[in-house]
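Here is the naming used below: chain letters follow the sequence lines, and residue numbers restart at 1 for every chain. Given the structure is predicted, the values throughout are model-derived calculations rather than measurements. Atoms considered below: every heavy atom in the structure, side chains included; atoms not considered: hydrogens, waters and symmetry mates.
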Amino acid sequence: MLSLKYINENINLVKECIKYKKCDININDILSLDLERKSLINKVEKLKANRNQINKQISKNRNDKSEDTTTLISNMKELSVEIKNLDKSLFSINNSLSNKLLYIPNIIHETTPKGSVNDNVVIKEWGKKPEFNFEIKDHKDLCDLNNLVDFKRAANISGSGFPLYTNNGAKLERSLINFMLDIHSKNGYTELFPPFLVNSNSPKTTGNLPKFSDDMYYIDKDDLYCIPTAEVPITNMHLNEILDDSDLPKKYVAYSACFRREAGSYGKDTKGLLRLHQFNKVELVKFVKPKDSYVELESLLKDAESILQKLNLHYRIIALASGDLSFSAAKCYDIEVWSPFEKNI
RNA sequence: GGAGAGGUGUCCGAGUGGUUUAAGGUGCACGCCUGGAACGCGUGUAUGGAUGAAAGUCCAUCGGGAGUUCGAAUCUCCCUCUCUCCGCCA
């Protein structure tokens, strides 16, 4: 979330980025609300200064028994009522302001290509498309043939989108997770195993709430959300902390199950293991100095690529264009792995 | 789920309604002292916000929120976290 201060200092930039990200938001009402907020603060803080002074006077008079305090106290009564009312208005303005701020997307980085999905840029391709001298099967057939995933029985348990890995499928899933965790921790990432359920503040800080609340699983009874990615718990682990810059960068790797309702995407890529409600992911997160962020992003990309190279998978890297960028991203690379059967990524 | 104890600044710790809009210590920074250091002495030492060109001035913050009061770190209620004990435990 961008701070009011930043928005005020960079009005044009913010407006531009809203346009580039194709968000339908007007920041003018935020700016005018902010003016209202400032004038209220001015008023109420003057009154509070006054209150503090009278308060001091009262205690002084009481101590040396010099003067009667009844007039002062009755003045204070009026003052307090006034302050309380102004504070109430200020509170509601602040509330509506911070609500509106949650809908302002992040500023894009200068190297992010501007435009829509069609303007995504292929940065790099690695490896070769594998060729086969026999007819190839899709992943679903392969899973059936080798008893890797039991889609039918999974439906008994939870419904579609919640895969039941079996036999070697279960082992394969586990070893891939291990494989990635091992490599990344060797590369200096601290391994974490985070909670999968989080309070409602956590997805707010990562920009998942309020915008994507329909895509998240929510447990009403305890006011907890199932994480859509390990990024949510990890980003929040240092909440309300001030990190010493000598401790940076902090590099974390974590496995988590990820839960996504995928609301509104029914019928699209729903076969087999594509677009699941629950899937497994190994996530990399870094806390870095702002001036190093883009260098760190490049090295993070390299670390992620190294997994695919070790697995000898043909892939390409895409720099996402502004309109395809997620709400809270400034810059984003997608790594797309070649799928021989689908003949696409 | 029940009962109790606790949460104060970097840390330790005082503080049960008004010279505490947080004592004292410790740590840290700078200065003096010294050949250099330790000790000692002195000064400074939070975060956020409003205002201002700046210096500064002001406001808020004692786990979080609400309340009582002219006035709350202090009293009341709710929540949260840590510790101890009891219950439950697929």
Side-chain angles (χ1 to χ4, degrees), chain A residues 1-11 14 27 30-102 104 156-158 162 164 192-205 209 218-227 232-248 250 257 278 287 289-290:
Chain A
M1 173 178 128
L2 301 178
S3 72
L4 255 180
K5 205 174 179 178
Y6 182 88
I7 292 172
N8 266 310
E9 284 165 1
N10 303 279
I11 294 175
V14 173
I27 64 167
I30 289 184
L31 297 177
S32 66
L33 258 181
D34 185 41
L35 286 181
E36 217 176 305
R37 168 182 153 267
K38 281 178 180 168
S39 89
L40 257 179
I41 286 177
N42 254 316
K43 256 190 231 167
V44 77
E45 287 198 347
K46 262 180 206 152
L47 293 182
K48 281 181 183 172
N50 198 0
R51 177 179 67 182
N52 287 342
Q53 217 160 3
I54 296 179
N55 203 9
K56 227 189 266 179
Q57 192 64 40
I58 289 176
S59 68
K60 204 180 148 214
N61 288 0
R62 267 175 54 118
N63 274 322
D64 52 25
K65 299 199 166 61
S66 56
E67 274 177 67
D68 189 31
T69 53
T70 41
T71 330
L72 286 176
I73 286 181
S74 77
N75 284 349
M76 282 281 272
K77 269 186 194 173
E78 284 174 37
L79 201 55
S80 287
V81 171
E82 213 175 328
I83 289 174
K84 233 171 236 177
N85 287 334
L86 288 176
D87 264 342
K88 251 183 216 160
S89 326
L90 190 59
F91 181 80
S92 81
I93 283 188
N94 278 335
N95 248 345
S96 91
L97 258 176
S98 49
N99 260 331
K100 286 178 193 289
L101 286 175
L102 288 173
I104 297 201
N156 294 337
I157 305 168
S158 307
F162 294 91
L164 169 64
L192 303 170
F193 203 127
F196 294 175
L197 300 186
V198 294
N199 62 34
S200 59
N201 182 58
S202 296
K204 244 184 228 169
T205 65
L209 285 180
Y218 175 62
I219 291 139
D220 190 40
K221 202 172 178 184
D222 300 290
D223 191 27
L224 292 169
Y225 287 85
C226 301
I227 56 172
V232 174
I234 297 175
T235 318
N236 279 282
M237 72 184 275
H238 293 299
L239 184 76
N240 291 335
E241 266 181 69
I242 295 170
L243 300 176
D244 199 308
D245 69 351
S246 62
D247 293 337
L248 300 176
K250 279 184 178 292
Q278 179 184 322
F287 291 82
K289 296 178 212 171

[N] and [M]: how far apart are their [atom1] atoms, nearest whole angstrom?
N: A29(B); M: C78(B); atom1: C1'; answer: 43 Å
N: U8(B); M: C81(B); atom1: C1'; answer: 16 Å
N: G52(B); M: U43(B); atom1: P; answer: 34 Å
N: U16(B); M: U10(B); atom1: C1'; answer: 28 Å
N: C79(B); M: C85(B); atom1: P; answer: 24 Å
N: U74(B); M: G6(B); atom1: C1'; answer: 16 Å
N: G40(B); M: U26(B); atom1: P; answer: 8 Å

Atom pairs under 3.5 Å: protein N/O with N/O of nucleotides 16-18 of chain B:
from	atom 1	to	atom 2	distance (Å)
G18(B)	N7	Arg62(A)	NH2	3.4
G18(B)	O6	Arg62(A)	NH1	3.3
G18(B)	N2	Asn55(A)	OD1	2.7

Under a 3.5 Å cut-off for both contacts, is [N] paired Watson-Crick or G-U wobble with anything, and if yes, with which nucleotide?
N: C77(B); answer: G65(B)
N: C33(B); answer: none
N: G71(B); answer: none

Exercise. Would you sort out whether Ile104(A) and Ile30(A) count as a side-chain contact (heavy atoms from CB on, under 4.5 Å), showing the intermediate values?
Key: CA-CA 10 Å; Ile104(A) 297 201; Ile30(A) 289 184; 3.4 Å; yes
Quiz prompt | Asn55(A) side-chain N/O to Arg51(A) backbone N/O, donor-acceptor pair under 3.5 Å | solution = no
Exercise. Please list, by residue number, the residues of residues 32-41 of chain A whose heavy atoms come closer than 4.0 Å to an atom of RNA chain B; answer none if no residue qualifies.
Key: Arg37(A), Lys38(A), Ile41(A)
